[in-house]
Amino acid sequence: MRRSVQSVLLLFLILLSSCGDRVDYEYSSRRIFFTFHNDTHQDPILASALNSMSPGVYCIIRYSYVSGRHSFSFENNQGLRSGSPVWFDGIDLRLESWKHVGQNNGLIVGYGNLDVPAPLYAYDLQCPNCFQPNVLPLRSYELKVSSDGFATCTNCHRKYNLNTGGNIVSGEGGKKLIRYRANCTGPTGVLGVN
């Protein structure tokens, strides 16, 4: 009996000591199930970020509802953007991928430039330290992406490194970027984010 009490106390102390540090998980527990068929749409701006041979190029994907139609727009961190919205086709509507574009209708995708092979990253476009998905009215805190692979929040001024998993590199401490699992079949293939 005494030995089991000691074992329980030891286990409790171990668990208690491990609770002091906040754990940042690599991927978000929120699943978004976003799929985009660039094999059909052929958007060159998205293709530039999905080319593993050009790491460090990141693309912002935004969902919008324009003139009664669902669409996506693309802008990369090199200052290029799609000339017009990419309108949904029957595949997009059937997959309903437009319902799952990050926390507030935006993602950042691209290959990191510091590792070989270059990892494909997918981040939420909202600042994880400012955006509150459960607070109404919903306020957007979109990140601004620079050509050197950093994302900055204009509200809290934290700066995140897109090439190293979205960690904070300047500003007050806090959560790193919300990261999702991503895969693609090439620049003009299918992008999946979940």
Side-chain angles (χ1 to χ4, degrees), residues 17-34 36 45-46 48-50 54-66 71-82 85 97-115 118-184 191-194:
S17 66
S18 67
C19 293
D21 295 329
R22 183 180 51 108
V23 175
D24 278 337
Y25 296 100
E26 186 173 358
Y27 298 105
S28 173
S29 61
R30 182 174 184 266
R31 305 303 288 269
I32 60 172
F33 302 108
F34 171 75
F36 187 78
I45 304 305
L46 179 61
S48 69
L50 297 181
S54 61
V57 176
Y58 290 92
C59 181
I60 296 171
I61 302 170
R62 288 187 183 90
Y63 160 79
S64 58
Y65 190 73
V66 179
S71 67
F72 289 115
S73 63
F74 303 97
E75 177 182 351
N76 71 16
N77 63 330
Q78 307 303 308
L80 301 173
R81 66 181 64 203
S82 298
S97 58
W98 53 275
K99 292 183 177 179
H100 311 287
V101 187
Q103 292 191 97
N104 196 21
N105 298 326
L107 294 171
I108 303 168
V109 297
Y111 282 93
N113 63 8
L114 298 178
D115 294 324
L120 177 61
Y121 290 114
Y123 303 105
D124 203 281
L125 187 56
Q126 296 296 320
C127 176
N129 294 290
C130 295
F131 183 74
Q132 300 294 321
N134 300 324
V135 174
L136 295 175
L138 191 65
R139 296 188 61 196
S140 185
Y141 294 98
E142 277 194 10
L143 298 165
K144 302 294 179 206
V145 181
S146 64
S147 61
D148 56 356
F150 292 96
T152 305
C153 176
T154 57
N155 183 57
C156 68
H157 307 291
R158 286 178 179 90
K159 186 175 183 180
Y160 304 91
N161 191 338
L162 298 174
N163 293 300
T164 58
N167 60 306
I168 298 172
V169 293
S170 70
E172 188 178 330
K175 298 179 251 179
K176 64 182 184 177
L177 289 180
I178 297 169
R179 184 173 167 200
Y180 304 107
R181 289 171 179 80
N183 58 64
C184 75
L191 169 66
V193 179
N194 62 23

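Numbering starts at 1 and runs along the sequence shown. Everything numeric in this text was worked out from a predicted model, so none of it was measured. Hydrogens, waters and symmetry mates play no part in the numbers below; they use all other heavy atoms, side chains included.
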Side-chain heavy-atom pair [X], [Y] within 4.5 angstrom cut-off:
{"X": "Y63", "Y": "F34", "result": "no"}
{"X": "L191", "Y": "I61", "result": "yes"}
{"X": "L138", "Y": "F131", "result": "yes"}
{"X": "N77", "Y": "V57", "result": "yes"}
{"X": "I45", "Y": "C59", "result": "yes"}

If you take all heavy atoms of [X] and [Y], which pair is closest and at what distance?
{"X": "A122", "Y": "V193", "answer": "CB-CG1, 3.8 Å"}
{"X": "F72", "Y": "V101", "answer": "CE2-CG2, 3.7 Å"}
{"X": "S48", "Y": "N76", "answer": "OG-ND2, 3.3 Å"}
{"X": "H157", "Y": "T154", "answer": "CE1-O, 3.2 Å"}
{"X": "Y58", "Y": "L162", "answer": "OH-O, 3.1 Å"}

How long is the gap from [atom1] on [X] to [atom2] on [Y], to the nearest 0.5 Å?
{"X": "S140", "Y": "L125", "atom1": "OG", "atom2": "CG", "result": "7.0 Å"}
{"X": "R158", "Y": "C130", "atom1": "CZ", "atom2": "SG", "result": "6.0 Å"}
{"X": "K176", "Y": "N161", "atom1": "NZ", "atom2": "CG", "result": "12.0 Å"}
{"X": "C156", "Y": "E172", "atom1": "SG", "atom2": "CD", "result": "8.0 Å"}
{"X": "L107", "Y": "Q126", "atom1": "CG", "atom2": "CD", "result": "10.5 Å"}
{"X": "K144", "Y": "K159", "atom1": "NZ", "atom2": "NZ", "result": "15.5 Å"}

For R62, enumerate each residue passing the salt bridge (Lys or Arg N to Asp or Glu O under 4.0 Å) test, keeping only those at least two apart in sequence or located in another chain.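 Once residues adjacent in sequence are excluded, the partners of R62 under the salt bridge (Lys or Arg N to Asp or Glu O under 4.0 Å) criterion are E75, E142.
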Which atom pairs, one a donor and one an acceptor, fall under 3.5 Å between side chains of residues 177-184 and the rest of the protein, sequence neighbours left out?
{"from": "R179", "atom 1": "NH1", "to": "E26", "atom 2": "OE2", "distance (Å)": "3.0"}
{"from": "R179", "atom 1": "NH2", "to": "Y27", "atom 2": "OH", "distance (Å)": "3.4"}
{"from": "Y180", "atom 1": "OH", "to": "D124", "atom 2": "OD2", "distance (Å)": "2.6"}

Does I60 form a side-chain contact (heavy atoms from CB on, under 4.5 Å) with I108? I'd like the steps, not just the answer. CA-CA 5 Å; I60 296 171; I108 303 168; 4.3 Å; yes
Please determine whether side-chain contact (heavy atoms from CB on, under 4.5 Å) holds for the pair Y160 and N129, giving the CA-CA distance in whole Å, both sets of side-chain angles, and the decisive distance to 0.1 Å. CA-CA 11 Å; Y160 304 91; N129 294 290; 2.8 Å; yes
Going through the checks in order, is the side-chain contact (heavy atoms from CB on, under 4.5 Å) test met by L143 and Y123? CA-CA 10 Å; L143 298 165; Y123 303 105; over 6 Å; no
Pair F36 + F74: ring centers closer than 6.0 Å: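 Yes.
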Does Y141 use its side chain to pair, donor to acceptor, with the backbone of N155 at less than 3.5 Å?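 Side chain of Y141 to backbone of N155: no pair is present.
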